[in-house]
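Heads up: the structure comes next, in structure tokens.
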Number of protein chains: 2
Amino acid sequence: MRYSRQRALITHILKGRCDHPTADMIYESARELEPNISLGTVYRNLKLLADEGVIITLETEDKRLHYDGDVSRHSHFICNECGKIVDLFKPSKTPNEIEELGLTVTGEKCVYYGLCSSCGAK
Amino acid sequence: MRYSRQRALITHILKGRCDHPTADMIYESARELEPNISLGTVYRNLKLLADEGVIITLETEDKRLHYDGDVSRHSHFICNECGKIVDLFKPSKTPNEIEELGLTVTGEKCVYYGLCSSCGAK
DNA sequence: ATAATAACAGTAATCATTACTGATAACGAT
DNA sequence: ATCGTTATCAGTAATGATTACTGTTATTAT
């Protein structure tokens, strides 16, 4: 993977903020420093960076992919009302521990990734 | 919410299978018994049923929403290779316990839902 | 420096999902 | 039981996030 100013910028932006922006939000930020950057370039590099494990993706119910520059093991809380995404460090926080942060938990979705038995055998 | 034959069929199909079909797959199944059912009807009812809590949605990396008729608390395993979705009962299975099912776990994404402190105050 | 090609900007295409329209069916009130 | 209201329908068009394409530019190994 060659160096590119655009990819470095996208990485820098994402690592320097603690929210979970969409591609479009990152595009807006990037244009402040690189006015001619293309939205396609943002999408392409976000996908590359996610494939490389440099950043993380977050599928939400708003149908848009959110990106997270923090690749340490942690989970997320999403407000059903305003859609705000909150980082929950310590991955195995129990619902009770989460409530202590002022959050009301009504549900959870936990997905594990990896290889199933048939794909792992190959 | 009024009764409709189409909605009853969609519910029946989803409750009667243990995979995690997309709207399109449910549409195919539904057309076997209700050949004139519309794809829009399938989408509309799946959304209604999910809002009512009768079924559950699952956002995956294939960009399509998957539906689950099992609303009991459980988590999922998705194979990175073939995309197969496996139910993991007992929601708090540890990675080690999952490995015993023949699955190789390389990552997890855990999201909690509810109300944040500002939205909860209202 | 040059050649090979990854990456770019700009834009068109894709495709899952949602919205719209006129027709039909469920169901409470008469 | 029929009527009127309106939720729901079938069919189809529109939406919008993401991806693919095209000709150009920039990176890097030789």
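Note that the structure is predicted; figures quoted are calculated from it, not measured. All chains are named by letter (A, B, ...) in the order of the sequence lines, taking the proteins before the strands, and each is independently numbered beginning at 1.
- Per the geometry, OH belonging to A:Tyr3 stands 13 Å off P belonging to C:dA7, to the nearest Å.
- Residue contacts shown for A:Arg5 are absent, as no nucleic acid heavy atom lies under 4.0 Å away.
- Among the nucleotides C:dG10, C:dA7, D:dC9, the one closest to the side chain of B:Asn45 is D:dC9.
- One side chain, B:Lys109 or A:Thr57, offers a donor N or O that lies under 3.5 Å from an acceptor on the other.
- Both A:Ile37 and B:Tyr67 lie close to DNA chain C; mapped to their nearest nucleotides by heavy-atom distance, the more 5′-ward contact belongs to A:Ile37.
- Using modelled atom types, one finds no donor on one side chain facing an acceptor on the other under 3.5 Å when comparing B:Thr41 with B:Arg7.
- The CZ-P distance, from A:Arg44 to D:dT25, rounds to 16 Å in whole Å.
- We find that NE2 of A:His66 is positioned 14 Å from C1' of D:dT18, with the value rounded to whole Å.
- Following rounding to the nearest Å, B:Met1 (CE) and C:dG28 (C1') show an atom-to-atom distance of 18 Å.
- In this model, no donor atom of one side chain and acceptor atom of the other lie less than 3.5 Å apart for B:His66 and B:Asp19.
- B:Leu39 is connected to B:Leu49 through a chain of hydrophobic side-chain contacts under 4.5 Å among Ile, Leu, Val, Met, Phe, Trp and Tyr, so both are in one cluster.
- The distance from atom CG of A:Leu9 to atom P of C:dA7 is 16 Å, rounded to the nearest whole Å.
- Both B:Leu39 and B:Ser4 lie near DNA chain D, and the one whose nearest nucleotide falls closer to the 5' end is B:Ser4.
- Looking at the side chain of A:Arg64, the nearest of the listed nucleotides C:dA9, D:dT27, D:dT18 is D:dT18.
- Comparing A:Arg7 and B:Ala23 by the nucleotide of DNA chain C that holds the closest heavy atom to each, the one mapping nearer the 5' end is A:Arg7.
- What separates CD of A:Glu34 from P of C:dA7 is a distance of 16 Å, to the nearest Å.
- Atom CD of A:Glu61 and atom C1' of C:dA16 are 16 Å apart (whole Å).
- Among the protein residues, A:Asp24 comes within range of no part of the nucleic acid, since none of its heavy atoms lies under 4.0 Å from any strand.
- Not one side-chain nitrogen or oxygen of B:Gln6 sits closer than 4.0 Å to the OP1 or OP2 atom of C:dA25.
- In summary, A:Glu81 and B:Lys122 do not engage in a salt bridge, as defined by a charged side-chain N under 4.0 Å from a carboxylate O.
- Side chain B:Arg2 to base D:dT6: a donor-acceptor pair is found below 3.5 Å.
- For the pair B:Arg31 CZ and D:dC9 P, the interatomic distance rounds to 16 Å; values are reported in whole Å.
- Here the nucleotide nearest the side chain of A:Lys63, chosen from C:dT17, C:dA9, D:dT18, is C:dT17.
- When distances are taken from the side chain of B:Ser38 to each of C:dA9, D:dT18, D:dA10, the shortest belongs to D:dA10.
- When the nucleotides D:dT19, D:dT8, D:dG11 are ranked by their closest atom to the side chain of A:Tyr43, D:dT19 comes out on top.
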